[in-house]
There are 4 protein chains.
Amino acid sequence: MAKDSENTRKKILDSAFELFATQGFHDTSMSQIAQKAEVSKGLAYNYFTSKEHLLGDILEQTFLDSMASWDRLMGKISTISDPAEKVRVMIDFYIDQLTTNQNFYRLYLSLLLQPQVLANLKPLLEKLKPRTDRIQEESYDLFRAMGSKDPEAEMWFIKSLINGVLLSIITAGDMIPLERVRQLLLEKYIAVSQN
Amino acid sequence: MAKDSENTRKKILDSAFELFATQGFHDTSMSQIAQKAEVSKGLAYNYFTSKEHLLGDILEQTFLDSMASWDRLMGKISTISDPAEKVRVMIDFYIDQLTTNQNFYRLYLSLLLQPQVLANLKPLLEKLKPRTDRIQEESYDLFRAMGSKDPEAEMWFIKSLINGVLLSIITAGDMIPLERVRQLLLEKYIAVSQN
Amino acid sequence: MAKDSENTRKKILDSAFELFATQGFHDTSMSQIAQKAEVSKGLAYNYFTSKEHLLGDILEQTFLDSMASWDRLMGKISTISDPAEKVRVMIDFYIDQLTTNQNFYRLYLSLLLQPQVLANLKPLLEKLKPRTDRIQEESYDLFRAMGSKDPEAEMWFIKSLINGVLLSIITAGDMIPLERVRQLLLEKYIAVSQN
Amino acid sequence: MAKDSENTRKKILDSAFELFATQGFHDTSMSQIAQKAEVSKGLAYNYFTSKEHLLGDILEQTFLDSMASWDRLMGKISTISDPAEKVRVMIDFYIDQLTTNQNFYRLYLSLLLQPQVLANLKPLLEKLKPRTDRIQEESYDLFRAMGSKDPEAEMWFIKSLINGVLLSIITAGDMIPLERVRQLLLEKYIAVSQN
DNA sequence: AATGAATGAGACTTCATTCAT
DNA sequence: TATGAATGAAGTCTCATTCAT
């Protein structure tokens with residue numbers, strides 16, 4: 001049945017994802033992936049053209065999921081009238097994403113820093129561009145609605161802030177007092193933005 | 001002469017550094033390093049026990065340089081009396097470091113995200129721990145002096161912010177309006193911290 | 001129905017033949033064959049024990065067809081009295097075969113040059129030996145009837161000549177002025193043989 | 001010393017040549033080549049970028065040798081005045097080449113029949129084109145000097161004849177009465193050409 | 001101090017073949 | 001009869017590392 005096949009595909013995908021995220025793309029071999037998925041090496045190649053395609057499929061899937069989350073967020077935000085509250089919700093959303101999808105972001109960041117690997121993902125990123133552009137614009141609009149003097153810089157600022165927290169979470173793990181930092185972030189950011 | 005030897009060592013170190021930073025650790029081979037350093041592979045192994053030791057030596061050197069910079073910064077900061085001004089100078093220092101040592105930080109981040117590689121660097125990090133701990137404490141003191149309610153969270157916050165900007169610089173390159181973001185960072189941060 | 005089954009078998013056989021001839025035996029996979037035949041891989045293995053057996057069956061079929069052609073030729077030649085005319089008709093026959101069955105001969109030649117593959121076809125060639133031997137004898141007789149001093153050498157000579165032209169056709173394709181070469185062959189050969 | 005290195009290279013080249021010629025390109029693995037050359041697999045890749053480059057280098061070397069032989073032949077022929085004698089010497093030369101370089105020609109023919117492999121050799125053939133063109137022209141001139149009505153067809157004819165004999169030698173091995181066929185070829189050809 | 005030839009483990013990938021359904 | 005998921009052996013190639021010179 002198609003279901004069996006889907007399960008196998010998912011098993012491979014999941015195994016690869018976890019290994020890529022925890023060991024890195026290069027330090028994970030197809031053998032390890034197959035072994036973890038309890039599948040032969042050859043079978044993995046029945047489902048995915050190459051190791052890089054496997055990575056691509058993982059990213060695509062997670063990007064799409066993540067974008068769907070964003071769309072739900074936008075729906076929710078559209079029902080809020082206070083701009084500051086909108087931003088607060090958005091920030092909450094981000095922090096939430098980071099903590100729940102930590103593995104994914106760890107993988108994603110490590111790829112961003114590996115030009116050779118990244119090059120092969122160009123087509124995927126190109127394909128997703130329309131949707132990422134829209135997200136960028138929607139963020140931009142949120143800040144403009146808040147009355148920011150320089151919404152573009154603001155967007156990069158918050159993006160960097162978020163990514164930085166992500167990085168701290170990933171690298172320092174449990175050492176970081178996440179809840180307190182989150183409070184700080186909300187307090188400060190909202191406060192500032194209301195200036 | 002010892003000087004010749006020192007030069008050779010440095011040539012290898014520099015070549016490896018540049019290649020690691022731009023291509024990643026895994027995508028750089030000892031052959032490439034030797035070639036760029038205009039040296040034989042064998043000779044590189046006379047100076048560095050293994051590829052990983054070579055990486056370790058690069059990091060150690062750069063960490064030491066960076067720590068020396070920090071010490072100079074602390075000296076300068078001790079002559080300032082206004083706590084907010086102290087923090088401003090520290091932030092300026094960070095941003096400066098990031099932009100001038102971009103290559104190093106790119107490498108460092110990518111390593112942070114590759115546990116497998118990182119594991120081999122444990123001894124080095126252990127060795128440097130006393131000094132990094134001291135830096136952490138000194139930052140902590142700066143925030144306490146500023147009257148922060150939660151200096152520890154504050155420290156992580158600013159650290160994340162800095163790292164996030166770093167990440168943006170590295171990954172988005174010229175697209176990011178760095179100067180405007182820097183202004184924003186200073187404005188906002190100082191303003192907030194004075195609350 | 002048996003007819004359906006026959007059709008399926010033929011579709012597989014034809015697809016394999018075309019692919020083997022144009023891409024070579026090694027560079028053709030069972031997957032490609034099955035795909036071209038619009039059949040599952042498993043089904044192909046229901047009809048043919050192995051890739052090599054499939055090749056064997058192709059060759060056998062074509063050899064048998066080719067031998068039947070030869071038999072018809074012999075019938076026609078037996079009605080001719082002039083020995084030289086007999087040879088002329090035979091040569092015409094060969095050239096015709098070559099140009100119409102080019103794909104087959106391309107495949108056959110490439111196999112002749114791959115001992116490893118050829119080895120597995122030994123049983124087939126052994127099985128066909130009686131008929132090929134008879135053809136050889138009949139050629140031999142034709143030359144003897146023409147009064148050749150050394151019919152055996154003559155037979156090899158004409159065989160080589162034919163195969164050589166075949167090779168030229170296959171490898172040089174349209175560059176070779178086939179019609180003029182054919183004229184030359186007939187002229188010269190007949191002329192010489194009449195000496 | 002460079003000599004050692006040259007020897008190793010030659011050992012690999014020779015081993016590969018023999019295996020390619022007797023087993024075919026595809027049925028020869030780099031492992032086999034390395035083993036026959038008494039060398040590690042890795043070392044073979046120090047000398048030759050890929051299996052296909054190895055093949056390319058073999059062909060190039062043999063082509064160049066063969067062309068040098070042709071040049072020597074032309075020198076010798078230029079001292080002969082009788083056109084028929086010139087052609088006779090040329091034919092002798094060809095037959096000689098075929099029997100002494102049988103392995104090479106077996107390999108070459110099998111490649112001619114494998115489009116996929118051949119495709120990768122395009123650059124090499126392109127590079128050698130000026131010299132092969134010159135040889136073609138010189139052959140052409142020989143026939144014109146003999147007063148042939150259609151030198152172009154004649155050239156293809158003799159070329160095919162030669163290749164056909166080659167094919168017979170390769171595939172039928174010792175069964176072919178080579179010396180008698182050679183006599184026949186010379187007799188007939190010279191006779192005909194003098195018509 | 002310096003070379004680079006040599007090794008060998010291990011990575012990615014392909015493909016003929018089998019088998020449960 | 002028919003499918004295609006699954007296997008595993010084998011192939012090409014890379015690269016950190018060693019060692020004779």
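All chains are named by letter (A, B, ...) in the order of the sequence lines, taking the proteins before the strands, and each is independently numbered beginning at 1. All values below were derived from every heavy atom in this structure, side-chain atoms included, with hydrogens, water molecules and symmetry-related copies excluded.
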Test side chain to side chain donor-acceptor pair (under 3.5 Å) applied to [X] - qualifying residues, sequence neighbours left out:
X: C/Lys127; result: C/Glu60
X: C/Thr28; result: C/Gln23
X: D/Lys10; result: D/Asp14
X: C/Glu18; result: none

N/O (side chain, C/Tyr45) to phosphate O (OP1/OP2, E/dT17) under 4.0 Å: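 Looking at the OP1 and OP2 atoms of E/dT17, one of them is under 4.0 Å from a side-chain N or O of C/Tyr45.
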
Sequence neighbours excluded, every pair satisfying ring pair (Phe, Tyr, Trp, His ring centres under 6.0 Å) that has a member inside residues 33-60 of chain A: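 Applying ring pair (Phe, Tyr, Trp, His ring centres under 6.0 Å) to every pair that reaches into residues 33-60 of chain A, excluding sequence neighbours, yields nothing.
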
Residue pairs passing the ring pair (Phe, Tyr, Trp, His ring centres under 6.0 Å) test where at least one lies in residues 8-38 of chain C, sequence neighbours excluded: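 Sorted result for residues 8-38 of chain C: C/Phe20-C/Phe25, C/His26-D/His26.
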
Members of residues 14-22 of chain D that approach DNA chain E, where some heavy atom sits under 4.0 Å away: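 Close to the strand, none.
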
Rounded off to whole Å, could you give me the [atom1]-to-[atom2] distance for the [X] and [N] pair?
X: D/Gln35; N: E/dG8; atom1: CD; atom2: P; value: 12 Å
X: D/Lys10; N: E/dA5; atom1: NZ; atom2: P; value: 18 Å
X: B/Leu54; N: F/dA16; atom1: CG; atom2: C1'; value: 12 Å
X: A/Phe48; N: E/dC12; atom1: CZ; atom2: C1'; value: 16 Å
X: A/Glu6; N: F/dA5; atom1: CD; atom2: P; value: 10 Å
X: B/Glu52; N: F/dC15; atom1: CD; atom2: P; value: 16 Å
X: C/Asp27; N: E/dA16; atom1: CG; atom2: P; value: 10 Å
X: C/His53; N: E/dT17; atom1: NE2; atom2: P; value: 10 Å

With sequence neighbours excluded, residues passing salt bridge (Lys or Arg N to Asp or Glu O under 4.0 Å) with D/Lys129: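 For D/Lys129, the residues satisfying salt bridge (Lys or Arg N to Asp or Glu O under 4.0 Å) (neighbours in sequence not counted) are D/Asp133.
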
Reading 5' to 3' through nucleotides 6-11 of chain F, protein heavy-atom contacts under 4.0 Å coded B for base, S for sugar-phosphate only, - for none: BBB-BS

5' priority, DNA chain E, between C/Phe25 and A/Ser50 [closest heavy atom]: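 First, find each residue's nearest nucleotide; the 5'-ward one identifies A/Ser50.
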
C/Asp57 and C/Gln61: side chain donor to acceptor below 3.5 Å: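 Per modelled atom types, C/Asp57 and C/Gln61 side chains form no pair under 3.5 Å.
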
Contacts of B/Ala44 that satisfy side chain to side chain contact (heavy atoms under 4.5 Å, CB included) - sequence neighbours left out: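 If we apply the side chain to side chain contact (heavy atoms under 4.5 Å, CB included) test to B/Ala44, skipping adjacent residues, the hits are B/Ile12, B/Met30.
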
Show me the side-chain donor-acceptor pairs of residues 101-111 of chain B shorter than 3.5 Å, one per line, residues at least two apart or across chains.
{"residue": "B/Tyr105", "atom": "OH", "partner": "B/Gln97", "partner atom": "OE1", "Å": "3.4"}
{"residue": "B/Arg106", "atom": "NH2", "partner": "B/Ile170", "partner atom": "O", "Å": "3.4"}
{"residue": "B/Ser110", "atom": "OG", "partner": "B/Leu107", "partner atom": "O", "Å": "2.9"}

Nearest heavy atoms of D/Gln32 and D/Asp27, plus distance in Å: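 Heavy atoms only, the tightest pair is NE2-O, 3.5 Å.
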
Pairing string, 5' to 3', for DNA chain E - Watson-Crick or wobble contacts under 3.5 Å, brackets [ ] where pairs cross, | to another strand: .||||||||||||||||||||

